[in-house]
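Some notes on the structure that comes next.
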Amino acid sequence: MTFIQNIQSAAINSLKEIFNEDFTENDFQVNETKPEFKGDYTIVLFALVKTLKLSPEKLGATLGEHLLKKQSELFSGFNVIKGFLNLELAENQLTNLLNEQYHSESFGFISPTSPKKIMVEYSSPNTNKPLHLGHLRNNFIGWSVAEILKANGNEVIKSSIVNDRGIHICKSMIAWKMFAEGATPESTDKKGDHLVGDYYVKFNDELKRQVEELTQSGKSPEEAEKEAPIMLETQQMLLDWEQGKPEVMELWKKMNSWVYKGFDETYKRIGCDFDRTYFESNTYLLGKDLVQEGLEKNILFKKDDGSIWIDLNEEKLGEKLLLRGDGTSVYMTQDIGLARQKFEEYLLEKSIYVIGDEQLHHMKVLKETLKKLGFPFAEDIFHLSYGMVELTTGKMKSREGTVVDADDIVDEMISTAAQHTEELGKVKDFSEDELRELYEILGLGAMKFYLLRVDPKKRMVFNPDDSIDFHGFTGPFVQYTYARIQSILRKIQADGYDINSEENSVKEDLLPLERELIITLEKYKNALADSAKELNPALIATYVYQLAKLYNSFYSEHSVANAESESKKILRVRLSVMTANIIKSALSLLGIQVPDRM
RNA sequence: GGCCCCGUAGCUCAGUUGGAUAGAGCAACAGCCUUCUAAGCUGUGGGUCACACGUUCGAAUCGUGUCGGGGUCACCA
């Protein structure tokens, strides 16, 4: 039970006793009390006023008095201002938290109410180009959402579908054949994904050149693009691939293996992992039989050219092609098949797709199509759509090379971390290895926090000219707070203080910042539950920042090691340890590590 | 054009199922290190919540319309 839940049920009981009316927690709100008023939590009375036919002031006074009398272990005071009943929590409630939960490893973690088996599909890269900033947002969101769901007691399978075939892959292959003169990652000393990406850009340059030539000789731009020799060659290559022509397959395997090696390096570095990887080259034929069945059941219809469609006009989604006239599949075909395979393979109760919001329409169509085809799991697929990362200088476009490369930005963040650290000069005794580790922790911490602190659904803007900050609402700020606490703990332990002692219990008049800190620590449970419910890591980021900020105020105001009294010291050590534990736990859900010193 | 999303401080973002005087960070300015790490703390300035009307005890939040931005409506992936 959280404080808020305690207050809700206490209020429900009191209302029942006073007025003999039944209310639920949905009938009224319990908010945090605004700082300008006295109190910790506030019951908003307006909603109750209607059914009880009392003035807000009268209701507030009656309810407040009843709560204070009947629930004296919960509350120590109240005041009513307009329609707001401000409640003060009893100090025992607060100190109990420090006594009871201090030694608990799982502080904050919720026992699952209804654990589910959930798949989170994320990352899902194309193998024709390296990852960029937008992919990083996808990776961090997907990974973090999976961890948050786990922390809420669910069983989670992280998966990825690698788009390793198709016309776009052939583009890189054709350009490599034309221009590379046999270049390999080894011969060029370049990461494989970057090498392949270079030829994807080259393809588009060459295509543009050929289109210009053709338009000058009188073709329309559309014709020119279709008839450009390099495009014709690419289409031929796609046909050859589908027929398994050895020479093409060999090149495809070779270039993809370069890319995988590059991706693996990047994934390892940013801490992404998958329990199950699907490859489009294995799944692209899935779903064909399901479409045929749908046709036989008259759920789908056939056009004159033999192509098979679904009519989603009722859902305002138009008509959608599911199988071409020549019997080959489109993207939607395999998505239908793969959706089913996932549910059958893992007996999932929920399947989450972390995909950009540009595919909102596609994902709606997928869901509706699955519904019409009669799959009950259609209700359990969820598109976690996230907004694109845009640059202040415009949109990122791989084919034009105007992207912020993932490896580059991570390098940059780590070297910025190194630069800051050197300037501050606090860890001069660190070894080379220790320094390298610290720089990675800080650089990646800044990067991940930056991308995760924004609501996934919203698009966000990145200014490539400004480096990502290390001050304020940032990962390093929170990491710094953790390191500060570790420093205190090192000091007092060196002086012989046993931070794990169970003998002392906290009994103390709480100062305002101490009180506030306990209340904030207690809210970690809420942050965890909310972030899982909303599939939103930003709620964790916001929470942990608020906690760190509050601790820093506390830190500058009160001394832990040299507290005014021994009992104050016990209290503050516990506050510090719990703050550190929650920071570590919360950041770990964002994929961010904490340093003991920085 | 149809459908969907967005518009909050100079910039980047919070703002819970409608709740009290709309909050942070960055940037600017002024303070704070002989005492646990100044990657910090304290304070100041900065707002027509795009605009208009409506719903009600109460609207940044809900509704309608207007303006502005984005996405999508492929036998691309």
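Letters A, B, ... are given to chains in the order of the sequence lines, protein chains preceding strands, and every chain is numbered from 1.
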The nucleotide from B/rC4, B/rA20, B/rC76 with an atom nearest the side chain of A/K364 is B/rC4
How about A/T481 and A/N552: does a side-chain donor come under 3.5 Å of a side-chain acceptor?
yes
Separation of B/rC5 atom P from A/K457 atom NZ, nearest Å, is 12 Å
Atom CD1 of A/I81 and atom P of B/rG19 are separated, to the nearest Å, by 18 Å
Any N/O donor-acceptor pair, A/T42 side-chain to B/rA20 base, under 3.5 Å:
yes
Exercise. Are any of A/K395's side-chain N or O atoms less than 4.0 Å away from OP1 or OP2 of B/rG71?
Worked result: yes
- [ ] Using a cut-off of strictly less than 4.0 Å, decide whether A/K82 has a side-chain nitrogen or oxygen near OP1 or OP2 of B/rA20.
- [x] no
note: A/F46, atom CZ; B/rC57, atom P; distance rounded to Å ~ 11 Å
Under 3.5 Å, is there a donor-acceptor pair linking the side chains of A/T33 and A/D40?
no
Checking N1-N3 plus N6-O4 or O6-N4 for Watson-Crick, or N1-O2 and O6-N3 for wobble, each under 3.5 Å, the partner of B/rU66 is B/rA50
Rounded to whole Å, the CG-P distance (A/L238 to B/rC76) equals 10 Å
So that I can tick it off, tell me whether A/K303 and A/E319 are bridged by a salt bridge, with the cut-off set at under 4.0 angstrom between side-chain N and carboxylate O. yes
A/Y555 OH to B/rA38 P, in whole Å, measures 5 Å
By the Watson-Crick or G-U definition, both distances under 3.5 Å, B/rA9 is matched with none
Task: Side-chain donor/acceptor of A/D164 to base of B/rA77, under 3.5 Å - done: no
Here the distance between atom C1' of B/rG69 and atom CD of A/E390, to the nearest Å, is 9 Å
| said: Regarding A/N313, tell me which of base, sugar-phosphate or nothing describes its non-hydrogen contacts under 4.0 Å with the strands shown. | reply: nothing
Quiz item: OP1 or OP2 of B/rG40 sitting under 4.0 Å from any side-chain N/O of A/S553?
Solution: no
Re B/rC36: Watson-Crick or G-U wobble partner, both distances kept under 3.5 Å, found to be none
Using Watson-Crick geometry (N1-N3 plus N6-O4 or O6-N4) or G-U wobble (N1-O2, O6-N3), each under 3.5 Å, B/rU61 is paired with none
- Task: Look at A/K316 and B/rC73 and indicate whether a side-chain polar atom (N or O) is within less than 4.0 Å of OP1 or OP2.
- Result: no
With syn meaning chi within 90° of zero and anything else anti, the base of B/rC67 is anti
In whole angstroms, the gap separating C1' of B/rC26 from NE2 of A/H471 amounts to 10 Å
- Task: Tell me whether the OP1 or OP2 atom of B/rU12 has a side-chain N or O from A/R453 closer than 4.0 Å.
- Result: no
If only side-chain N and O atoms of A/K458 are considered, is one of them under 4.0 Å from the OP1 or OP2 phosphate oxygen of B/rA14?
yes
Atom CZ of A/F3 and atom C1' of B/rU16 are separated, to the nearest Å, by 19 Å
Check: So, does A/N138 use its side chain to make a donor-acceptor pair with the main chain of A/G134 at under 3.5 Å?
Finding: no
Walking RNA chain B from its 5' end, the first of A/P476 and A/Q359 to be reached, judged by nearest nucleotide, is A/P476
Quick note, A/D455 side chain, CB onward, closest among B/rA14, B/rC26, B/rC13 is B/rA14
